[in-house]
Amino acid sequence: MEQATFGSRVRQIAARLRANMRRVRQIFASRRERASKLTYPLRPGQRPQDILAILILTVGISIILFDIPSYPWIRSLPSEYWATFNFFTDLGKAHWVLWSTGLVCLALLAQNAAQLTFRLRMTVGAVFTYAGFVFYCVAATGILAILFKWSLGRARPKLFEELGPVKFDLLAFNSSYTSFPSGHSTTIGAVATALALIFPTYRWLIVVFAFWVAFSRIMVGAHYPSDVIAGTLLGFTFTFFTARALARRRIGFYYTKNGTVMPIISQRSAKFCLAAVWYAMRGRRRAVQMTTRAGAGAAHTTQDPS
């Protein structure tokens, strides 16, 4: 009996997951026409050719001026520097971002959000949208970084004394030749850009924190400065254009009158949503709509043989 109940519960959750995924696809499909009509010209510095120019300029200058002296300088520093930066450099790993955001999305897809109150439904929709946004950007940029680094085959700093900082061996398929671009920096660039777009009030704090995480890859001797610059630009660029695509569909983001991408949920709405979640968790407010409860109670009364 317990096994049957557990099995039916699993099938119910699986059906809900499929239904919610169909609904997500329908939302994107229904706004395709809107996206094709709503366009905002990119500002100078945001156009693909401008970003490519910034990439070529900054990476080129870094290779000439910073890559050569960086590794010997880092090795001359006391070990405490390495220990300090090594403590938080793994924040740039993609797996913890993918696991956390992926599980959040799956958990929310398994919920029957239609029966929740308005504010809780809004919370579920916002959290799912932004968690899915972060997951997609980190996963996609991670794949791009892997393709670039394994194709370009730049020697890592540990081979500096043997090969120097500009040794490239195309399609070497050797982990010692996967320095450019930095995968950690790509991840932190994507995460920081996503969070800065979701929480614009804290944009500069996020940027500064991301800078030190990316810079830590240089300080632990894993990458050259040009690797970090290229990875960060890759993460930023992909995430920024993904947010623009969502804003054109008015999913998670929207365009202001001057063409700036902003989160669709305001600070005021976010506070109300957080309050609703807090009060529901403490039992001070209901989580399910009254009509849903009444309907469930009526159905139970009808099915009761007594």
Side-chain angles (χ1 to χ4, degrees), residues 17 20-21 24 28 84-111 123-150 175 178-220 222-223 227-247 251-253 261-265 270 273-274 277:
L17 281 167
N20 285 331
M21 281 303 300
V24 170
F28 274 89
T84 301
F85 282 97
N86 190 60
F87 178 74
F88 60 86
T89 191
D90 285 344
L91 290 174
K93 284 187 175 180
H95 65 82
W96 70 269
V97 182
L98 296 176
W99 274 107
S100 59
T101 55
L103 289 175
V104 166
C105 288
L106 285 176
L108 294 178
L109 282 173
Q111 303 302 314
T123 304
V124 169
V127 173
F128 175 80
T129 301
Y130 295 131
F133 170 59
V134 174
F135 179 93
Y136 172 74
C137 292
V138 171
T141 54
I143 293 172
L144 289 174
I146 289 172
L147 290 175
F148 282 130
K149 65 168 52 191
W150 285 92
S175 60
T178 56
S179 189
F180 185 91
S182 165
H184 284 63
S185 299
T186 302
T187 296
I188 201 63
V191 172
T193 305
L195 293 179
L197 290 168
I198 298 169
F199 306 104
T201 305
Y202 301 95
R203 181 170 297 165
W204 288 110
L205 180 61
I206 294 168
V207 168
V208 171
F209 181 79
F211 167 81
W212 286 112
V213 175
F215 184 73
S216 69
R217 302 305 295 163
I218 303 171
M219 294 300 294
V220 299
H223 288 282
D227 303 331
V228 171
I229 293 172
T232 304
L233 279 175
L234 173 61
F236 160 78
T237 303
F238 187 93
T239 306
F240 174 72
F241 282 102
T242 300
R244 284 182 59 89
L246 290 174
I251 298 176
F253 301 95
V261 176
M262 293 294 290
I264 204 167
I265 185 169
C273 289
L274 289 174
V277 172

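Only this structure's heavy atoms are used, side chains among them; waters, hydrogens and symmetry mates stay out. By convention here, the first residue in the shown sequence is residue 1. A quick note: this is a predicted structure, and the numbers were derived from the prediction, not measured.
- When every heavy atom of Ala247 is checked against every heavy atom of Val261, the shortest pair comes out as CB-CG1, 4.3 Å.
- Distance check: Lys93 NZ to Leu91 CG gives 10.5 Å after rounding to the nearest 0.5 Å.
- The two atoms that bring Asn20 and Ala110 nearest to each other are ND2-N, 4.4 Å, heavy atoms only.
- Between Leu17 atom CG and Gln111 atom CD the span is 9.5 Å, to the nearest 0.5 Å.
- Here the closest non-hydrogen pair linking Lys149 and Pro181 is CE-O, 3.1 Å.
- Other residues, nucleotides and ligands place more than 12 heavy atoms under 6.0 Å from the CZ atom of Phe88.
- Within the model, atoms CZ of Phe211 and OG of Ser216 stand 10.5 Å from one another, a figure rounded to the nearest 0.5 Å.
- Between Pro200 and Met262, the closest heavy-atom pair is CG-CE, 4.0 Å.
- The NE2 atom of His95 lies 6.5 Å from the CG atom of Asp90; values are rounded to the nearest 0.5 Å.
- A donor-acceptor pair is defined here as one N or O able to donate and one able to accept, closer than 3.5 Å; no such pair exists between the side chain of Thr89 and the backbone of Asn86.
- When all heavy atoms of Cys273 and Thr123 are compared, the pair lying nearest together is CB-OG1, 3.1 Å.
- Enclosure of atom CZ in Phe209 is not indicated, since only 12 or fewer non-hydrogen atoms of other residues, nucleotides or ligands lie within 6.0 angstrom.
- Under the rule for a side-chain contact (heavy atoms from CB on, under 4.5 Å), the partners of Ala192 that lie at least two apart in sequence or sit in another chain are Ile206, Ala210.
- Ala107 pairs by the side-chain contact (heavy atoms from CB on, under 4.5 Å) definition with nothing, not counting sequence neighbours.
- Here the options are Val228, Val213, Leu234, Asp227, the test is side chain to side chain contact (heavy atoms under 4.5 Å, CB included), and the partner is Ser185; only Val228 passes.
- In this structure, the separation between CZ on Phe87 and OG1 on Thr84 is 9.5 Å, given to the nearest 0.5 Å.
- Pairs engaging residues 189-208 under the side chain to side chain donor-acceptor pair (under 3.5 Å) rule: Thr201-Gln267 [sequence neighbours left out].
- Every residue was checked against the side-chain hydrogen bond (donor to acceptor under 3.5 Å, both in side chains) condition with Thr237, not counting sequence neighbours, and none meets it.
- Between Ser175 and Trp150, the shortest heavy-atom distance links the atoms N-CH2, 3.8 Å.
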Which side-chain N or O atoms in residues 127-148 pair as donor and acceptor under 3.5 Å with protein atoms at least two apart or in another chain?
residue, atom, partner, partner atom, Å
Thr129, OG1, Gly125, O, 2.7
Tyr130, OH, Gly252, O, 2.6
Tyr130, OH, Ile264, N, 3.4
Thr141, OG1, Cys137, O, 2.6
Thr141, OG1, Val138, O, 3.2

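- Partners of Thr186 by side-chain hydrogen bond (donor to acceptor under 3.5 Å, both in side chains), not counting sequence neighbours: none found.
- Atom OG1 of Thr187 sits about 9.5 Å away from atom CH2 of Trp96, to the nearest 0.5 Å.
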